[in-house]
Number of protein chains: 2
Amino acid sequence: MQDIQPTFRAIADPTRRAIIGMLADKEMTVGDVASHFDMTRPAVAKHLGILREGGLVTVRAEGRERVHTLDPHALRPVEQWIEHFSHFWDTKLSALKTAIEKDES
Amino acid sequence: MQDIQPTFRAIADPTRRAIIGMLADKEMTVGDVASHFDMTRPAVAKHLGILREGGLVTVRAEGRERVHTLDPHALRPVEQWIEHFSHFWDTKLSALKTAIEKDES
DNA sequence: TATTTATAAAACCATTTGGTTTCATGTCAA
DNA sequence: TTGACATGAAACCAAATGGTTTTATAAATA
């Protein structure tokens, strides 16, 4: 298994989450993405680089442009990490409930 | 609605995710948590503070100790954010599949 | 071919982050 | 009541982060 830290890091920034939202709609070049922000292109390119490190985005060269595509599959390990605690919690709550009911009997 | 940024921030750090894992087991004081890390107590206290800001942990004073409890409910908005893209993606994929099938007919 | 365009890459900067040490405060226990 | 203990709070520091500007390079276009 690969490290999920780069993915957690990638989604921790609001700008990058916004970029993810845009790429869900359609593939975009660096310039496309940058046009939606009050920020220079190199800054956006860095964000895209961090998204790529997190496995959330793939890039393909198309002439002088670089087309960025979202890959939401990378979110799966994060989702599972969350599910683990949700499930754990529910189990504990129901166990507690059972214990209380027994106590009342 | 409240801001989810503090929650994303809270879970972005590996030490804090480890703390979440510990607190899933049982409630703990600052000292309890700190004993599991090669790190000073003030450092751990800071992490717990950030987890509290993210709504993931609640604190109750018990004598001179501060007992920290996990509240996994705070992870729900993050889970939903992820679900949104997973769902979006699945929809798009099935639409693409349909289009291809039509094309082949 | 000369020029513009899209991007990468590097150097740089201010702020945030994750840690430390030091000191203050309230509670437990001898 | 006198320490010892658990914690909070503040000052401080190095490294990471999110941004900038500048420079270089390859591809499209006049």
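Source: prediction; values computed, not measured. Proteins get letters first, then strands, A, B, ... in listed order; numbering begins at 1 in each.
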Could you check how far [atom1] of [X] sits from [atom2] of [N], rounded to whole Å?
X	N	atom1	atom2	answer
F8(B)	dT17(C)	CZ	P	16 Å
R60(B)	dG8(D)	CZ	P	14 Å
E27(B)	dA6(D)	CD	C1'	17 Å
E53(B)	dG8(D)	CD	P	13 Å
M28(B)	dT7(D)	CE	P	11 Å
E65(B)	dA4(D)	CD	P	19 Å

**Item:** B/S/- contact track for nucleotides 13-20 of chain D, protein heavy atom under 4.0 Å
**Value:** ----SSBB
**Asked** Which residues satisfy the salt bridge (charged side-chain N to carboxylate O under 4.0 Å, His left out) test with E79(A), sequence neighbours excluded?
**Response**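 For E79(A), the residues satisfying salt bridge (charged side-chain N to carboxylate O under 4.0 Å, His left out) (neighbours in sequence not counted) are R76(A).
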**Request:** With sequence neighbours excluded, tell me which residues meet salt bridge (charged side-chain N to carboxylate O under 4.0 Å, His left out) with R64(B).
**Result:**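 So R64(B) forms no salt bridge (charged side-chain N to carboxylate O under 4.0 Å, His left out) with any residue.
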**Message:** Using a 6.0 Å cut-off, check whether atom CD of Q2(A) has over 12 heavy atoms from anything other than its own residue.
**Reply:**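 Result for CD/Q2(A): open.
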Anything under 3.5 Å between a protein N or O and an N or O of nucleotides 25-30 of chain C, put it in a table, one pair a line.
from	atom 1	to	atom 2	distance (Å)
dT27(C)	O2	R64(B)	NH1	3.4

Show the atom names and distances, to 0.1 Å, of all donor-acceptor pairs under 3.5 Å that link a side chain in residues 39-61 of chain B to residues at least two apart or in another chain.
from	atom 1	to	atom 2	distance (Å)
H47(B)	ND1	R16(B)	NH1	3.2
R60(B)	NE	E62(B)	OE1	3.0
R60(B)	NH1	E27(B)	OE2	3.0
R60(B)	NH2	E27(B)	OE1	3.0
R60(B)	NH2	E62(B)	OE1	3.2

Pairing residues for [X] by the side-chain hydrogen bond (donor to acceptor under 3.5 Å, both in side chains) criterion, not counting sequence neighbours:
X	value
H73(A)	D71(A)
D3(B)	none
T29(A)	D32(A)

**Test side-chain contact (heavy atoms from CB on, under 4.5 Å) applied to P77(B) - qualifying residues, sequence neighbours left out** = I4(B)
**Asked** Has R66(B) got a side-chain N or O lying under 4.0 Å from the OP1 or OP2 atom of dG8(D)?
**Response**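 Yes.
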